[in-house]
Amino acid sequence: MPEMKLPTRAEDFAEWYNQIVLRAELADYAPVRGCMIVRPYGWNLWENITEALDRRFKRTGHVNAAFPMLIPRSFIEKEKSHVAGFSPELAVVTHGGGEELEEPLVIRPTSETIIGHAYAKWIQSYRDLPVLINQWNSVVRWELRTRLFLRTLEFYWQEGHTAHATREEAEAETRQMLDIYTDFAVTEAAIPVIPGRKSASERFAGADETYSIEAMMGDGKALQAGTSHHLGQNFAKAFEICYLDRSGVLQHCWTTSWGLSTRFIGAVIMTHGDDQGLILPPRLAPFQAVITPIFKDDQEKAGVLAAAEKLLAALVDAGLRVKLDAREGVSPGFKFNDWEMRGVPLRIEIGPKDVTKESVVLARRDRLGKEGKQFAPQAGLAATVTKLLEEIQRSLLSRALEFRKSNTVETSDYEEFKSAVEKGFALSWWCGDSGCEEKIKEETKATMRCIPIEQAGGSGKCVYCGRPAGEKSIFARAY
RNA sequence: CGGGGCGUAGCGUAGCCUGGUAGCGCGCUUGGUUCGGGACCAAGAGGUCGGAGGUUCAAAUCCUCUCGCCCCGACCA
């Protein structure tokens, strides 16, 4: 059955990725080019992502709201670099109720403008600040080339929009959210990310400063997994978001915005997946474990299923997300492969022998074959599984970190740089000049991913032009 | 928009060059035997061959137009 096998990552990484998304039933193509249907398994993963993030947002004082999807086109045009950045990819509604609209409406590509409009009405005094609002929604950007999860015309995300009295406070907020994304990626998704600052050319349209978390995918390419923007007073001035300060002087606010999208699912797939399929980090997996019953006849079936049901109840009571795969007419071997492909972190096998011995077999997804298998007593299984899941979570993180390390080169010259970005990250002195950045892109296809917040210190010479550089930057080919 | 590939059953495809009225694998349904790493046997259901027009006695096949999708590039979370 050759069609059951996925292409390997080495053979064709892009095809491997597509096949996983479709076959693991994370998403499907929609009838409109570039749009996707997120299937229940994929949406469940997204729900777990949203819960983990939302918890962090609320803990830091943010509240959720919902702003409209349709935005007057004139709004987009109010902030000059915002227009320039977004107009080529706008979807525009020109008709409604059978009539041509007086003013076309754009389907939000992001909500700075409409939220800016609202903030201008709501904010009067320094006492109204800060405003810390987030919304979970979808946005539309008319991209030319799309890929499931990584870049779709419509994508789901959260966008946080905050307004502050001072530059310092807005900067602190921007950095706080970057830290939250970093913590989320590392803790929940076991994806090591590099938080850093974007170059001017990679900045969000309308931002003074853009920060991002950058992750290395299984093919060595970089993926921007979340962004946090310090918008300065640009939108405050365009939308007249003003407040009266303590001394009675009218001031413009300082605003921020930050977002993380369903693209993150792409990051999970490409960070942890192997040639067998998806590997989901236990903390985000829709099913943390799947119980696979094994039996020959009706008598065995009755005993095994009864024991499996009991285990399921105990595990679910312990707060674990567990599925019992009681499908008829599908062999255990098929189920093993199926759930491995779908990335379930742990498999619990229970057959007649285990029923007798009051044990189960635990098989780790991150270590295939005999090596990842162990017997465990049914008594106290929830505790055993919980511990094992934590261990799998840790091991996925350290494996990903190890992979990134071994594919990152601190380059000392341009030749070394060129070969480094062929298969991973280059960490290099960069003078900060956009001319060098542009040349590097032309010559190597690598872009400046970020200037890591964490710097080892010292100074050196720009990897391209040799002029003095005070910081090292990450360069890589990117998604 | 440029380059490449492709539209035939739910999915993957053969047939197209050299026209003669559609085949295979997977999946699906039913019954039976299986079941500790992708089971097997038997019997079934399922197709206006992307769409429109043309050539012809006859079109999945030849011609024209058209729609759509995927991959690579420019753009981008």
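Lettering follows sequence order; numbering is per chain, from 1. Source: prediction; values computed, not measured.
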What is the nucleic acid contact for [X], judged by heavy atoms within less than 4.0 Å: base, sugar-phosphate only, or nothing?
X	result
A/Arg33	sugar-phosphate
A/Phe155	base
A/Arg347	base
A/Val361	base
A/Thr152	base
A/Leu223	nothing
A/Lys353	base
A/Gly351	base
A/Glu15	nothing
A/Asn18	sugar-phosphate

Using the [atom1] atoms only, state how far [M] lies from [N], rounded to an integer number of Å.
N	M	atom1	value
B/rG47	B/rA22	P	13 Å
B/rG51	B/rU8	P	10 Å
B/rG38	B/rG20	C1'	42 Å
B/rA14	B/rC6	P	9 Å
B/rC71	B/rG27	C1'	26 Å
B/rC26	B/rC16	C1'	24 Å
B/rG31	B/rG25	P	23 Å

**Report entry** RNA chain B: 5'-proximal contact among A/Gly34 and A/Lys373 (nearest heavy atom)
**Finding:**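 Nearest-nucleotide comparison on RNA chain B picks A/Lys373.
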Requested in this report: Return the 5'-most residue of the pair A/Ala14, A/Gln224 with respect to RNA chain B, ranking by each residue's nearest nucleotide.
Outcome: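 Checking each residue's closest nucleotide, the 5'-ward one belongs to A/Ala14.
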Nearest-angstrom distance from the residue atom [atom1] of [X] to [atom2] of [N]:
X	N	atom1	atom2	result
A/Glu300	B/rU34	CD	P	12 Å
A/Leu305	B/rG36	CG	C1'	15 Å
A/Leu22	B/rC69	CG	P	15 Å
A/Tyr17	B/rC71	OH	C1'	15 Å
A/Asp338	B/rG38	CG	P	14 Å
A/Asn337	B/rG36	CG	P	12 Å
A/Glu328	B/rG32	CD	C1'	15 Å

Side chain of [X], heavy atoms from C-beta onward: which of [options] has the nearest atom to it?
X	options	answer
A/Ser261	B/rG37, B/rA77, B/rA74	B/rA77
A/Lys441	B/rC75, B/rG38, B/rG36	B/rC75
A/Arg263	B/rA77, B/rC35, B/rA74	B/rA77
A/Lys296	B/rA39, B/rA77, B/rC35	B/rC35

Under the 6.0 Å and 45° cation-pi test, does [X] pair with [Y]?
X	Y	answer
A/Arg342	A/Tyr41	yes
A/Arg108	A/Trp157	no
A/Arg347	A/Phe336	yes

Query raised in the report: For atom CD of A/Glu442, is the number of surrounding heavy atoms from other residues, nucleotides or ligands below 6.0 Å larger than 12?
Result: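 Buried by this count: over 12 neighbours within 6.0 Å.
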Query raised in the report: Is there side-chain contact between A/Phe239 and A/Glu112, with at least one heavy-atom pair below 4.5 Å?
Result: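 A side-chain contact under 4.5 Å is absent here.
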Query raised in the report: What is the minimum heavy-atom distance between A/Pro286 and A/Leu45, and which atoms define it?
Result: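 A/Pro286 and A/Leu45 have their closest heavy atoms at CG-N, 3.8 Å.
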Query raised in the report: Within less than 4.0 Å of OP1 or OP2 of B/rG38, is there a side-chain N or O belonging to A/Ser331?
Result: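 No.
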Query - Polar side-chain atom of A/Tyr17 near backbone of A/Leu148 as donor-acceptor pair, under 3.5 Å - result: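 At least one qualifying donor-acceptor pair exists.
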